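Atoms within each ligand, like the ligands themselves, are counted from 1 in listed order. Note that the structure is predicted; figures quoted are calculated from it, not measured.
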Amino acid sequence: MVFPEYRGRRLRRNETLRALVRETTISPAQLIYPLFVMPGKNVREEVPSMPGVFRMSVDQLAKEAKECMGLGVNNVILFGLPAKKDARGSGAYANDGIIQQAIKELKNKAPEMMVSTDVCLCEYTDHGHCGILINEQVDNDSTLELLAKTALSHAQAGADMVAPSDMMDGRVAEIRAILDENNFEMLPIMSYAVKYASAFYGPFRDAAECAPQQGDRKAYQMDPANVREAMREAAMDVDEGADILMVKPAMAYLDIISHLRDEFDLPIAAYHVSGEYAMIKAAAANGWIDGDKVMYESLLSIRRAGADTIITYFAKDMARLLRG
Ligand code: PBG
């Protein structure tokens with residue numbers, strides 16, 4: 001294959017040819033759109049650091065879901081802002097909690113929408129950490145029970161999939177066990193298996209009001225320097241019964257997605273997080289980049305690295321772009 005016998009440019013000559021040999025595609029069916037749910041009525045407020053993303057009250061959800069489904073985006077993941085926070089994050093597992101209400105509303109008014117839920121305590125604790133504090137440390141084993149209760153309450157409210165994002169050791173097994181005991185053996189777990197202690201979560205923490213009041217999350221989320229550890233985390237979650245493995249964030253961790261793809265045969269999800277979204281939106285708003293093209297190239301690269309599924313605030317924008 002030496003020039004001039006091989007000419008790579010032959011298959012790049014026009015869009016029809018390029019489309020014929022394109023190795024990677026994106027479809028709205030592969031995207032999950034995050035929704036932030038808050039108390040109140042008729043509330044729909046834009047997150048300042050995430051233009052185009054809104055926090056909304058429960059009554060607004062059905063309309064939003066229908067808009068998504070009209071674009072072919074049939075998956076959402078819910079995040080909640082409770083009316084009150086406390087030390088044990090009780091709003092996370094309250095039967096009438098904000099997420100439990102949101103699930104019921106969606107399953108009632110837009111039953112075709114696949115509703116996944118984020119299972120974590122950080123939005124519900126007054127200290128903002130993802131578990132219970134004992135001597136100012138997040139205590140792993142006593143947090144597990146509350147995470148399991150949270151997952152079960154989501155299932156009972158009608159959730160289609162639960163996604164634990166807390167990074168406690170052993171939580172997938174604990175959640176699988178409580179779900180199975182309660183006849184939810186068919187409910188899948190999408191585990192945030194490989195979640196790094198990342199600065200890219202900044203805008204999300206504003207949106208969900210869940211920044212830790214003290215310290216950081218480095219004692220439970222992973223060190224961005226590590227790749228072998230990512231493989232151990234993923235292997236553990238496979239053993240514990242995860243159905244989908246997630247890598248988070250996405251673009252700075254494409255190598256991790258690719259390693260996981262090679263090593264595991266479970267579906268892989270990647271979370272294109274708030275900071276990744278905000279950077280593109282900000283640069284585009286300044287006219288420094290073409291926002292749509294950078295969005296497409298970013299999501300395409302995440303797929304190319306090996307993700308089957310992408311959780312992204314761009315889900316609706318991307319679906320619109322694909323529709324043309
Ligand atoms: C909750 C959670 C976070 C995100 C998803 N679930 C925040 C965090 O871990 O600090 C971040 C999502 C994003 O940045 O878009 N633990």
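- If you check which protein heavy atom lies closest to atom 4 (C) of ligand 1, you get K248 NZ, 2.6 Å.
- Partner V43 forms a side-chain contact (heavy atoms from CB on, under 4.5 Å) with one of M56, Q60, M38 and no other, that one being M38.
- Annotation for ligand 1: atoms under 4.0 Å from non-hydrogen atoms of C122 are 1 (C), 16 (N).
- In terms of protein heavy-atom proximity, atom 12 (C) of ligand 1 is nearest to F204 CD1, 3.3 Å.
- No part of D166 comes within 4.0 Å of ligand 1, judged by heavy-atom distances.
- When only non-hydrogen protein atoms are considered, atom 14 (O) of ligand 1 lies nearest to S274 OG, 2.7 Å.
- The contact set between ligand 1 and D118, taken as ligand atoms under 4.0 Å from a residue heavy atom, comprises 1 (C), 6 (N).
- For atom 15 (O) of ligand 1, the closest heavy atom belonging to the protein is Y313 OH, 2.6 Å.
- With a 4.0 Å heavy-atom cut-off, ligand 1 is reached by no atom of Y277.
- If you number the atoms of ligand 1 from 1 as listed, the ones under 4.0 Å from a heavy atom of Y271 come out as 12 (C), 15 (O).
- Cation-pi contact between K195 and Y201: present, with separation from the ring centre below 6.0 Å and deviation from the ring axis of at most 45°.
- Those atoms of ligand 1 that come under 4.0 Å of a heavy atom in F79, given as number and element, are 5 (C), 6 (N).
- The atoms of ligand 1 that sit less than 4.0 Å from any heavy atom of R205 are 8 (C), 10 (O).
- Salt bridge E67/R320: present, at least one basic N to carboxylate O contact under 4.0 Å.
- Considering every non-hydrogen atom in both H129 and Q214, the closest pair reads NE2-O, 2.8 Å.
- Taking each heavy atom of K85 and E123 in turn, the nearest pair found is NZ-O, 3.0 Å.
- K195 NZ, 3.0 Å is the protein heavy atom nearest to atom 16 (N) of ligand 1.
- Of the residues listed (T143, N140, D141, T125), the one engaging I132 in a side-chain contact (heavy atoms from CB on, under 4.5 Å) is T143, and it is the only one.
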